[in-house]
Amino acid sequence: MIVCHCQRITDHDIHAAIDWMRAADPATIVTPGKVFRSLGKRADCGDCMTLFLDTMRANANLEVPSDLQNLRPQHRKDKTSCKATPRSSTT
C-alpha cells in the first residue's frame with residue numbers, strides 16, 4: 001500500500017526501514033525523520049503523516065528498548081513549595 005504518494009513510500013518500505021534500523025542498533029529511537037532519511041527521502045507536503053505514523057506503530061520493532069523506558073523521574077505526589085533556603089533581607 002502506498003503511504004506517501006509524493007515520495008512513493010509504501011508500507012513495506014517503512015517496515016523494512018524500521019527493521020533495518022533496529023537490526024543495526026537495537027537501542028535506537030526510531031522516528032519518522034529517521035525513516036525518511038533511511039529511505040533517502042524527506043517529507044514533502046505532510047498529508048501522509050497520519051498514515052505514516054499508523055504504519056510505523058503497527059511494526060513490532062518500533063517499541064522503545066526496555067533499558068530506555070521509564071527514564072523520566074517519577075512525579076512527586078506532594079505538591080509542596082520549593083524547600084530552598086529563603087533569602088534574608090538586609091534592610
Side-chain angles (χ1 to χ4, degrees):
M1 166 178 64
I2 293 178
V3 174
C4 178
H5 200 269
C6 298
Q7 297 295 325
R8 294 186 183 116
I9 298 174
T10 66
D11 59 336
H12 176 73
D13 296 333
I14 294 170
H15 291 301
I18 292 171
D19 294 342
W20 173 77
M21 283 188 278
R22 188 62 74 205
D25 181 6
T28 192
I29 303 296
V30 180
T31 65
K34 287 183 179 180
V35 173
F36 273 105
R37 284 189 295 277
S38 71
L39 295 171
K41 303 182 186 247
R42 60 184 180 163
D44 190 10
C45 70
D47 283 344
C48 66
M49 201 50 64
T50 302
L51 183 56
F52 197 95
L53 291 171
D54 288 344
T55 304
M56 286 181 63
R57 288 183 191 115
N59 189 302
N61 283 328
L62 186 66
E63 184 175 310
V64 175
S66 61
D67 58 330
L68 296 178
Q69 293 177 358
N70 301 318
L71 292 179
R72 288 185 179 183
Q74 297 298 321
H75 293 289
R76 293 181 7 185
K77 290 184 180 182
D78 60 336
K79 301 248 181 196
T80 59
S81 62
C82 179
K83 294 182 180 181
T85 306
R87 293 185 187 191
S88 59
S89 87
T90 57
T91 55

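Since we're looking at a predicted model, the values are computed, not measured.
To the nearest 0.5 Å, atom CG of residue Leu39 and atom CH2 of residue Trp20 are 9.5 Å apart. For the atom pair Lys41 NZ and Phe36 CZ, the distance stands at 9.5 Å (nearest 0.5 Å).
When side chains are defined from C-beta on, Thr28 counts as touching Arg22, because their heavy atoms get closer than 4.5 Å. At a threshold of 4.5 Å between non-hydrogen side-chain atoms, the residues His12 and His15 do not count as touching. Looking at heavy atoms from C-beta onward, Thr31 lies out of side-chain contact with Met56 at the 4.5 angstrom threshold.
Screening Ile14, Asp54, Leu53, Asp13 for a side-chain contact (heavy atoms from CB on, under 4.5 Å) involving Val3 leaves a single residue, Ile14.
Connection of Ile2 to Met49 is not established within any shared hydrophobic cluster, with ILVMFWY side chains joined at heavy-atom distances below 4.5 Å, either directly or through further cluster members.
Asp11 places a side-chain N or O within 3.5 Å of a backbone atom of Met1 that can act as its donor or acceptor partner.
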